[in-house]
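Notes for the one structure printed next.
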2 protein chains.
Amino acid sequence: MAINISKLNVQCADCPIRHRAVCAKCDDDELAQLEDMKFYRMFEAGQTIVWAGDDLTFVASVVRGVATLGQTLEDGRTQMLGLLLPSDFIGRPWRGTSAYDVSAITNVTLCCFRRKPFEEMLIRTPHIGERLLEMTMDELDAAREWMLILGRKTAREKIASLLTIIARREKTLDVPLAKAPVTIDLPLTREAMSDYLGLTLETVSRQISALKREDIILLEGKRRVVVPDMARLLEQTGSDPISHI
Amino acid sequence: MAINISKLNVQCADCPIRHRAVCAKCDDDELAQLEDMKFYRMFEAGQTIVWAGDDLTFVASVVRGVATLGQTLEDGRTQMLGLLLPSDFIGRPWRGTSAYDVSAITNVTLCCFRRKPFEEMLIRTPHIGERLLEMTMDELDAAREWMLILGRKTAREKIASLLTIIARREKTLDVPLAKAPVTIDLPLTREAMSDYLGLTLETVSRQISALKREDIILLEGKRRVVVPDMARLLEQTGSDPISHI
DNA sequence: CGAACTCTTGAATACGCTCAAAACGCGTGG
DNA sequence: CCACGCGTTTTGAGCGTATTCAAGAGTTCG
């Protein structure tokens, strides 16, 4: 199922996520230990990486590609819980099964560690735990930001919020208040957006059409959005609360 | 504003949350250091502990009482993000301002640490970081569970989910599949429930009335709910996905 | 007893959903 | 190169759930 290239010799030092992933704070010696443990796995767009409830014998960092974290109700309703971009972490130490569905939406490369050895290293290497704590707290903030969006925003505000959040992530530059046009490449189908926002795909489509009709966004193809004036889009988000760094 | 009893001499060894809070893994020596740093603060029901955006110079554990974590949109819409029960942690190390509103809904006692000394201790005391990581991951799971509820569940399912979650927390006993009646003391007003569930208070009231009409729950006063058959209530939750530990 | 809350219930409205059909985009094969 | 098919997206019409607005009942406390 997964293409498993156990020991493809990629040097951690050259790794694109070296300074943002769970290993970010590691010194040379610690990195060497991780280098020794790691193995890569690749998944094709559309493949499922794990199902909720399945055994998960490894933890991993996303090296390349985009994956989604989601949950499904028995009757098929689904809710996306997060986008996993390069450097994001998959799995939970000390837990043997995945609580969530994880799926590759583009081709994905993971840098994996078997869970047990990783847990042991986590105990004896504070640098890893410190970084993992930071990352987990960031995830928690992101999840709570989504709770506000899901619980209290209208369909239009949800769409505008999604666009600004993806824009914010693509350009790590912070809020471009300058009137320069911003281009957003959506890694998501309309359906994936609806799963993220707790809407139907028809509602997503309608709201995007409406934003386009009002010249707040332009479409280049279906998956590329140009925002001529970011400030106007931000007005449509229901205005985020005190922007929490 | 806050009643500040700086050095009320309560021994950590006798503390009701000794084994669940951020200090749970600390040995005697580490505990002595915390003992030395800590100070208590008390807030009365209804008081705000911090506003989103305000400086937060301490971190704290809830010792007694119930507080809420929430966020507010400019136009006044609010979303509750979590309930803070005894042993839960408030604040984020390395961050000087609160991202959220924190309010006491009953009288609350906090065990506080000034942020800087706590951060220093966090670095030199892995036990604290390990426990904080565990707790943060639990919070993240809880937040994601709420995302599913907020995004995909109907009003009735939301109410049933809230009741089962509070029941689950009150009795740390796991799912009482036995047909024994379960009593739930709601620490929340209808409005607080609506803030939690992303509904209006009228909808909350109507759904609770409906569950009562169908004998799925009984009310003893407004704030006490008796569930004669937990299984029947669980059926109303839209059935949680694969119950994740 | 009255004031201030909290909670319940009703009636009308609106927003997003469901069901349905058609347009678009893109790769494959004739 | 065009025809075909499949998946994605758009758009429409009607419906249903939760909201809004409003009034009244139930509690608690000075």
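We name chains A, B, ... by the order of the sequence lines, and we start the count at 1 in each one. Note that the structure is predicted; figures quoted are calculated from it, not measured.
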Could you run down the sub-3.5 Å N/O contacts of the protein with nucleotides 21-27 of chain C?
none

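Rounded to an integer number of Å, the gap from B:K153 NZ to D:dT17 C1' is 17 Å. Following rounding to the nearest Å, A:I208 (CD1) and D:dT9 (P) show an atom-to-atom distance of 9 Å. Rounded to an integer number of Å, the gap from B:R190 CZ to C:dT8 C1' is 9 Å. Note: CZ (B:R213) to C1' (C:dG10) measures 12 Å, nearest angstrom. Taking atom CG on A:D75 and atom P on C:dC17, their separation rounds to 15 Å, with Å as the unit. Going from atom NZ of B:K212 over to atom C1' of C:dC7 covers 11 Å, rounded to whole Å. Taking atom CG on A:L186 and atom P on D:dT8, their separation rounds to 15 Å, with Å as the unit. Atom P of nucleotide D:dT17 and atom CZ of B:R152 are separated by 17 Å, given to the nearest angstrom.
Qualifying salt bridge (charged side-chain N to carboxylate O under 4.0 Å, His left out) partners for A:R92, counting only residues two or more places apart in sequence or in other chains: B:D138, B:D141. Looking at residues two or more places apart in sequence or on another chain, you find a side chain to side chain contact (heavy atoms under 4.5 Å, CB included) between A:C112 and A:F39, A:R41, A:F58, A:A60, A:L110.
The residue A:R223 sits close only to the backbone: its heavy atoms come under 4.0 Å of sugar-phosphate atoms, none of a base.
Looking only at distances, a side-chain donor or acceptor of A:N107 sits under 3.5 Å from a matching main-chain atom of A:A45. Between the side chain of B:Q71 and the main chain of B:T78, no donor-acceptor pair closer than 3.5 Å is present. A donor-acceptor pair under 3.5 Å is formed between the side chain of A:D75 and the backbone N or O of A:R77.
Across A:I184 and A:A167, no two heavy atoms sit closer than the pair CD1-CB, 3.7 Å. For the residue pair A:P16 and A:R64, the shortest heavy atom distance occurs at CG-NH1, 4.3 Å.
Note that the CZ atom of A:R152 and the CG atom of B:L199 stand 7.0 Å from one another [nearest 0.5 Å].
Annotation: side-chain hydrogen bond (donor to acceptor under 3.5 Å, both in side chains) contacts involving residues 198-208 of chain A, sequence neighbours excluded, comprise A:T200-A:T203.
Within the 4.5 Å cutoff, no side-chain heavy atoms of B:L163 are placed close to those of B:Q236. Side-chain atoms of A:Q47 and A:V108, non-hydrogen and from C-beta on, never get closer than 4.5 Å to each other.
When the side-chain nitrogen and oxygen atoms of B:S209 are compared with OP1 and OP2 of C:dT9, one or more of them lie within a distance under 4.0 Å.
Within residues 191-207 of chain A, the residues that place at least one heavy atom under 4.0 Å from DNA chain C are, in residue-number order, A:G198, A:L199, A:T200, A:E202, A:T203, A:R206.
Residues A:A155 and B:L188 both approach DNA chain C. Their nearest nucleotides, taken by heavy-atom distance, put B:L188 toward the 5′ side.
Rotation axes derived from the C1' atoms of the five outermost pairs at either end of the helix from C:dC1-D:dG30 to C:dG30-D:dC1 lie 30° apart, to the nearest 10°.
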